[in-house]
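One structure below.
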Amino acid sequence: MSRPMMLSAVGLKKRFGSRTVVDVDRFDAPAGSTVAVIGPSGAGKTTLLAILGLLEKPHAGQVYLDGAPVGVRDKAARMNMAAAFQSPYLFKASVAENVAFGLKLRKVPAAERRRLVESSLARIGLEGWESRDALTLSGGEAQRVALARALVLRPRVLFLDEPFASLDPLVKGHLVFDLARIIREDEMTTIYVTHDHAEAMSIADRVMVMREGRSVAHGPSDEVMKLPPDQWTADFLGAGRPLRGVVAGSVEGVLSIDVSGVHIHAVGVLPEGEKVLVGVRPEDVLLFDGDAGIPRSSARNRFHAVVVELKMWGVMHQVTLDLEGALLTARVSNSSVREMGLSPGMEVQVVFKATAVRVRSESSGSGEIP
Amino acid sequence: MQVFFEAIVQAIRLPFEGSHGLLSVILTTFEVALLATLIGFILGTPVGLLIGASRFRGRGLLITLTNTGMAVPPVVIGLVVMMLLSRRGPLGPLELLYTVDAMVIAQVIISSPIIAGLTSSAVAAVPYRLRLQARSLGASWFQEALLILKEARLGVLAAVATGLGAVVRGVGAVLIVGGNIEGQTRVLTTAIVQESRRGEFGLAIALSLLLLAIVFAINAAITWFQHSGEKAGRG
């Protein structure tokens, strides 16, 4: 099996007319990692992917593959890559011919091609579909063919541009599951563009958040998701805004952080007195009635708080809580909101584990998360 | 009506009369039409591909030139080619005037812009993302160009059929540069012009019907090719 490659870039800029659509200082995808590039429509994600995939030339900047500078004319470099886009863009031909397209370009002998096409289709759940007309497939089937067409090449870097955006949730769920498995098995470096952060979380180990062509956060998914660098990113990711605090002490690797007088416990190693940012994913915060008896658990953080605001968040509710001055966000199901009778001004108990808290020194900069 | 009826009978009988002259006219018609369309395809398709599938400085000018080329009357092209090939013209030493080659040159000038213009529209309709997709799977620019033509094949074949039609219609040009010399540069259209002038309307119409039959056969072949492409596309 081929070894995955490291993909990186510096100083990428791309303009369409007078509008700068991509202005990214740095991009890093370690070998074998899955990097999700997320952001709203028009953030420049697809253009960034086209530049990284050596499909379009940037106006400035350089892409590196395993440390070596590469460009659009570098066919040998492009042969290590493959992509699947939001629309399957199948060619006017049979399923087998579509899947064999890249193999033919790589001059793979016909018999070997047939074998690879067959196994690739079987792997993606389309066993025996070789002779079907590609243009008569349903959206989900066509997307599977498009994925098989990219995966059959065993690329060392795989680019996926919102491959499931136009599919219904059920089909999407199956495909994300299958794809995540294949990416794991094949050990490819994968760049995954999406505007759906839940999808990104389920597949990626690193995240880059883009806004208006720029990278506003870039780092391990867990860090970016828990400690978004600014309010816009926090809102986009559905995360609470990071809290500012000071390390008050440390016992056996568990930090006690003073946030406006409230002591939050977190796992980490930082010196006493260090100014830090503290983040907790809203999904990790549990709410109980104000007077409920909370069962014993390993959760170190237990507070009384007041509900400040309730907002709809898809099939969930986002609840802003005031912990004696520190604002925290929790996410609860709509039925929980009804059962608990949650409303602004109501007192509740808040519980979360020390391991669910992400801490970063304020001096380590914002945006670029190491 | 009588003249039409007689002409139809004459048209049916014509090929069986074994006239050596007629056979030469038909063969020359085929030679000029197919050669001019083929060369027009070879020259026009890359230009159409360039205009339709890429952005570059001077593209607007090239589009305007192509569109103008599509609208130039064949007699004007015939006149210009005649002046170029005439004894005192810059290409006079080649001694091509009043030869089949001269007719082909004029007809290529007629067919190329048409094939280029219509091909550009056909390939412009191929989604850019589909090309990116091909590129992302490792296609070189040449392989990408072939894929674009393959995806736009219905339109490209329609461009070729239209180019062929223009070549067949371009009687003015071939009359001027070919001279309608019997046994050498006489083609069906020039023969039709001549027979009408001589008042041989029956024969002129018979030749017209024969020409129509030939054009119909060639177009039927192109349509078959288009449809077989479609079927192949559908698996």
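Side chains are part of it too, since the values below use all heavy atoms of this structure and drop only hydrogens, waters and symmetry mates. In the text below, chain A, chain B and the rest are named by the order of the sequence lines, each starting its count at 1.
With a 4.5 angstrom heavy-atom cutoff, A:Arg149 touches chain B via backbone and side-chain atoms both. The parts of A:Phe85 that come within reach of chain B are both its backbone and its side chain, each placing non-hydrogen atoms under 4.5 angstrom from that chain. For a residue to count as touching a neighbouring chain, one of its non-hydrogen atoms must lie under 4.5 Å from one of that chain's; by this rule B:Gln143 touches chain A with the side chain only. Only the side chain of A:Asp161 comes within contact range of chain B, with heavy atoms under 4.5 Å apart. Residue A:Leu54: no heavy atom, backbone or side chain, is found under 4.5 Å from chain B. Contacts of A:Leu55 with chain B are made by both backbone and side-chain atoms, with heavy-atom separations under 4.5 Å.
Looking at heavy atoms from C-beta onward, A:Ile182 lies in side-chain contact with A:Ile124 at the 4.5 angstrom threshold.
Between chain B and the residues A:Lys104, A:Lys75, A:Gln86, the largest count of heavy-atom pairs under 4.5 Å involves A:Lys75.
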What verdict does the side-chain hydrogen bond (donor to acceptor under 3.5 Å, both in side chains) test give for B:Ser136 and B:Gln133, after you've listed the backbone C-alpha separation in whole Å, the side-chain angles of each residue and the deciding distance to 0.1 Å?
CA-CA 5 Å; B:Ser136 76; B:Gln133 176 69 76; 3.3 Å; yes

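Screening A:Ile191, A:Thr190, A:Asp66 against A:Leu7 for a side chain to side chain contact (heavy atoms under 4.5 Å, CB included) leaves a single residue, A:Ile191. Considering B:Thr185, B:Thr190, B:Thr189 as possible partners of B:Asn180, the one that fulfils the side-chain hydrogen bond (donor to acceptor under 3.5 Å, both in side chains) test is B:Thr190.
A ring pair (Phe, Tyr, Trp, His ring centres under 6.0 Å) check over residues 109-133 of chain A, counting only residues at least two apart or in different chains, returns nothing.
Ionic pairing of A:Glu141 and A:Arg144 is not present here: no N-O contact between side-chain nitrogen and carboxylate oxygen is shorter than 4.0 angstrom.
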